[in-house]
Amino acid sequence: SGEQVLASKEQQKERLQICENCDKVMRFHDLPVGSSITLKDRCGKCGCFIRGKVTLAVESCPLGKWSQIE
């Protein structure tokens with residue numbers, strides 16, 4: 001099938017930057033909006049661990065801020 005499973009490093013970085021500036025992030029640490037996403041930070045909408053979610057090409061933001069990669 002040849003589908004892309006993982007997002008490229010660049011795509012992951014772009015997605016993370018969008019998440020870093022989102023006010024729906026449930027931060028594990030008391031870091032302000034705009035700071036780096038840690039391993040334990042979750043999406044406030046879907047509950048996924050953000051660092052894991054951005055690596056998968058088939059995933060998309062539940063708020064529509066970034067889409068799955070074809």
Side-chain angles (χ1 to χ4, degrees):
S1 65
E3 289 179 40
Q4 185 176 348
V5 177
L6 294 178
S8 70
K9 293 292 179 204
E10 193 56 42
Q11 289 164 330
Q12 291 177 34
K13 195 172 148 193
E14 285 173 18
R15 288 172 162 191
L16 269 180
Q17 285 176 332
I18 293 167
C19 294
E20 285 168 1
N21 293 297
C22 181
D23 61 359
K24 299 285 184 255
V25 175
M26 294 186 298
R27 293 190 177 271
F28 184 74
H29 299 288
D30 198 20
L31 298 171
V33 168
S35 52
S36 295
I37 298 292
T38 67
L39 284 174
K40 295 185 178 179
D41 291 338
R42 291 177 181 245
C43 172
K45 180 80 175 165
C46 67
C48 287
F49 287 104
I50 297 169
R51 283 242 171 225
K53 184 167 182 135
V54 299
T55 64
L56 299 173
V58 296
E59 291 290 354
S60 61
C61 168
L63 299 168
K65 296 185 179 191
W66 49 266
S67 348
Q68 79 178 63
I69 298 155
E70 299 296 332

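Position 1 is the first residue of the sequence, and the numbers go up from there. Every heavy atom of this structure was used, including side-chain atoms; hydrogens, water molecules and symmetry mates were not.
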Participant: If we only count heavy atoms from C-beta on, is the Cys19 to Lys53 side-chain gap below 4.5 Å?
Facilitator: no
Participant: Given side-chain contact (heavy atoms from CB on, under 4.5 Å), test Arg27 with Ser35 step by step and report yes or no.
Facilitator: CA-CA 10 Å; Arg27 293 190 177 271; Ser35 52; 3.7 Å; yes
Participant: Do Val33 and Val25 have side chains that approach each other closer than 4.5 Å (heavy atoms only, starting at C-beta)?
Facilitator: no
Participant: Show every side-chain hydrogen bond (donor to acceptor under 3.5 Å, both in side chains) that has at least one partner inside residues 11-22, sequence neighbours left out.
Facilitator: Gln4-Gln11, Ser8-Gln11
Participant: Any donor-acceptor pair under 3.5 Å linking the side chain of Arg51 with the backbone of Asp41?
Facilitator: no
Participant: If you compare all heavy atoms of Thr55 against all heavy atoms of Gly52, which two are closest, and at what distance to 0.1 Å?
Facilitator: OG1-O, 2.6 Å
Participant: When the side chains of residues 60-70 are checked against the rest of the protein, which donor-acceptor pairs come out under 3.5 Å, sequence neighbours left out?
Facilitator:
none

Participant: How many angstroms lie between CG in Leu56 and SG in Cys48, if you round to the nearest 0.5 Å?
Facilitator: 9.0 Å
Participant: Should Leu16 and Ile18 be counted in the same cluster of Ile, Leu, Val, Met, Phe, Trp and Tyr side chains packed under 4.5 Å apart?
Facilitator: yes
